[in-house]
Amino acid sequence: MDETVQNKDAYPKRWCHLKKVLERTGPFCHPDFEPSIDVTNHFIMTTCKILVIGAGGLGCELLKNLALMGFKDIHVIDMDTIDLSNLNRQFLFRRHDIGQSKAEVAAKFINERIPGCRVTPHYCKIQDFDESFYRQFHIVVCGLDSIVARRWINGMLISLLNYDDDGDLDQSSIIPMVDGGTEGFKGNVRVILPGISACIECTLDLFPPQVSTHKKLKNFRLVQGVVKNIIPAVASTNAAIAAACTTEVFKIATSCSVPLSNYMVFNDVDGLYTYTYEAEKKEDCLACGQTSKVLEIKSTDIKLQQLIDLLSEQYQMKNPGVTMSLGGKNRTLYLPTVASIEEQTRENLKKSLGELGLGNGGEINVADVTSPNTLVFVLRVASGGEGMQVE
């Protein structure tokens with residue numbers, strides 16, 4: 001690379017447009033905003049640490065936008081490798097990159113093209129890191145195609161929140177999350193302030209369980225599309241959503257404008273349409289709600305399998321494992337993720353809750369891939385009515 005390009009001072013007017021935004025006041029500024037050169041030089045370019053989750057269609061756009069906007073310290077996580085079908089829209093990759101880590105190739109591309117920017121790649125799952133890793137970031141940006149991963153990182157950021165003795169939230173423990181999603185010519189952007197605004201779990205009904213049905217299709221790509229619920233990605237939609245996400249990151253980092261509150265939908269099927277509304281926080285949310293989680297059942301005669309089915313239905317859990325506390329010790333009732341334990345506890349699925357020692361007011365601990373934390377439910381036998389309900 002040319003020496004001039006490597007020199008970060010080679011472009012004296014490089015940040016002039018950012019300075020016009022950050023060094024002046026305006027009618028759309030956040031009430032806390034104070035115009036200053038320090039916002040550009042000391043926070044965005046020196047202090048602010050951004051985590052991008054996903055280096056696919058959205059992730060490539062996010063990395064490029066964030067780097068060009070002046071953010072210097074960016075980390076990216078992606079567990080996938082580059083496939084031929086990615087090349088039409090994931091523009092940081094080339095044919096010779098096929099088979100390599102998306103995160104590593106994307107980071108290398110940005111680091112070589114944008115002087116002064118340092119992108120650190122992580123070729124792994126988000127579940128491979130603990131709280132100490134996520135706590136180091138100021139903002140998390142998601143460009144994911146997985147609801148399970150969204151729910152997991154949502155739960156992780158909520159678990160980082162600190163409350164004082166009076167139950168008041170410590171604002172310094174909040175790590176904002178900007179989440180983007182695309183589906184063909186449609187997309188959405190949301191800003192989540194954990195503990196304050198609606199989280200992923202609060203609006204889980206926006207992501208209905210997907211059901212695949214297909215008949216005797218001969219074309220491999222058509223079969224794969226149906227089985228995996230693949231909707232063709234559109235590069236222009238990725239670009240628009242990533243631009244909106246990056247704008248929100250910039251607004252949060254600088255307070256130059258009031259952030260989105262808190263959900264924006266985008267549609268360019270026929271013309272261009274956007275709509276913004278405020279998703280409401282649920283007080284009894286499974287992830288961020290402060291109220292205890294009560295599971296109402298008809299009686300303790302129901303089988304453990306029925307209880308697990310209920311959890312999967314109501315909370316869109318994938319493969320929940322259940323334990324209970326008995327005599328001060330935890331007893332595993334069913335754990336599907338470890339083959340040997342699953343085999344030992346499989347018989348419990350046919351037993352009633354009463355037979356397993358669970359009565360009215362009993363507590364169960366539920367673990368699932370959709371959450372980094374174990375969830376505690378209190379069982380309550382309904383006074384009347386039929387079936388099982390959740391409150």
Side-chain angles (χ1 to χ4, degrees), residues 147-148 150-152 154-155 158-159 167 198-213 229 279-391:
I147 297 171
V148 171
R150 277 190 177 92
R151 294 173 69 183
W152 192 92
N154 176 76
I158 289 171
S159 72
C199 75
I200 296 291
E201 292 287 336
C202 287
T203 54
L204 198 56
D205 54 346
L206 293 176
F207 308 102
Q210 297 182 349
V211 179
S212 295
T213 56
N229 289 305
E280 294 185 2
K281 189 175 186 293
K282 288 175 64 175
E283 292 305 316
D284 60 346
C285 172
L286 192 64
C288 69
Q290 295 299 300
T291 57
S292 59
K293 291 138 186 90
V294 177
L295 198 63
E296 194 170 271
I297 57 177
K298 184 180 179 182
S299 76
T300 55
D301 291 334
I302 66 167
K303 308 297 183 188
L304 179 61
Q305 181 65 68
Q306 291 176 280
L307 187 73
I308 289 174
D309 291 342
L310 177 66
L311 291 167
S312 300
E313 247 178 71
Q314 292 288 337
Y315 296 111
Q316 296 189 32
M317 292 184 179
K318 299 301 175 185
N319 214 3
V322 182
T323 64
M324 64 176 285
S325 182
L326 190 64
K329 294 182 179 179
N330 279 339
R331 176 190 171 194
T332 302
L333 300 182
Y334 184 65
L335 188 63
T337 52
V338 181
S340 58
I341 301 179
E342 193 280 334
E343 188 177 350
Q344 294 172 19
T345 57
R346 195 181 302 158
E347 280 300 309
N348 288 340
L349 295 174
K350 303 172 186 176
K351 297 179 181 179
S352 70
L353 301 187
E355 290 175 309
L356 294 169
L358 282 167
N360 190 26
E363 285 189 359
I364 58 170
N365 306 308
V366 181
D368 190 63
V369 292
T370 57
S371 173
N373 308 304
T374 299
L375 303 170
V376 181
F377 290 88
V378 177
L379 298 179
R380 186 172 71 190
V381 177
S383 54
E386 295 183 359
M388 294 177 286
Q389 301 173 3
V390 174
E391 283 192 356

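Hydrogens, waters and symmetry mates play no part in the numbers below; they use all other heavy atoms, side chains included. Worth saying up front: this structure is predicted, and the values here are computed from it rather than measured.
No side-chain heavy atom of T332 sits less than 4.5 Å from a side-chain heavy atom of N348. Residues I302 and L310 have side chains not in contact (no heavy-atom distance under 4.5 Å, counting atoms from C-beta outward). With contacts defined as side-chain heavy-atom distances shorter than 4.5 Å, the pair L286/F377 qualifies. A 4.5 Å side-chain heavy-atom check between Y315 and L375 finds every atom pair outside the cut-off. In this structure the side chain of R151 never reaches within 4.5 angstrom of the side chain of V148, judged on heavy atoms.
Residue pairs satisfying the salt bridge (charged side-chain N to carboxylate O under 4.0 Å, His left out) criterion with at least one member in residues 333-344, sequence neighbours excluded, are listed as follows: E342-R346.
Smallest separation of non-hydrogen atoms from I308 and P320: CG2-CG, 3.8 Å. Across A198 and A279, no two heavy atoms sit closer than the pair CB-O, 3.5 Å. Here the closest non-hydrogen pair linking G155 and N373 is O-ND2, 3.5 Å. Considering every non-hydrogen atom in both C202 and K282, the closest pair reads O-CD, 3.1 Å.
Between atom CD of residue Q316 and atom CD1 of residue I147 there is a gap of 6.5 Å, rounded to the nearest 0.5 Å. For the atom pair CD (E347) and CG (L304), the distance works out to 12.0 Å, reported to the nearest 0.5 Å. Annotation: the span from L311 atom CG to L307 atom CG amounts to 5.0 Å, rounded to 0.5 Å. For the atom pair C288 SG and I200 CD1, the distance stands at 10.5 Å (nearest 0.5 Å). Rounded to the nearest 0.5 Å, atoms NZ (K303) and CG (D309) are 13.5 Å apart.
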Return a table of donor-acceptor pairs under 3.5 angstrom between the side chains of residues 354-368 and protein atoms on other chains or two or more places apart.
| unit_1 | atom_1 | unit_2 | atom_2 | d |
| --- | --- | --- | --- | --- |
| E355 | OE1 | S352 | N | 2.8 |
| E355 | OE1 | S352 | OG | 3.4 |
| N360 | OD1 | V381 | N | 2.9 |
| N365 | ND2 | T323 | OG1 | 3.4 |
| D368 | OD1 | K318 | N | 3.3 |
| D368 | OD1 | N319 | N | 2.8 |
| D368 | OD2 | K318 | N | 3.1 |
| D368 | OD2 | T370 | N | 3.3 |
| D368 | OD2 | T370 | OG1 | 2.8 |

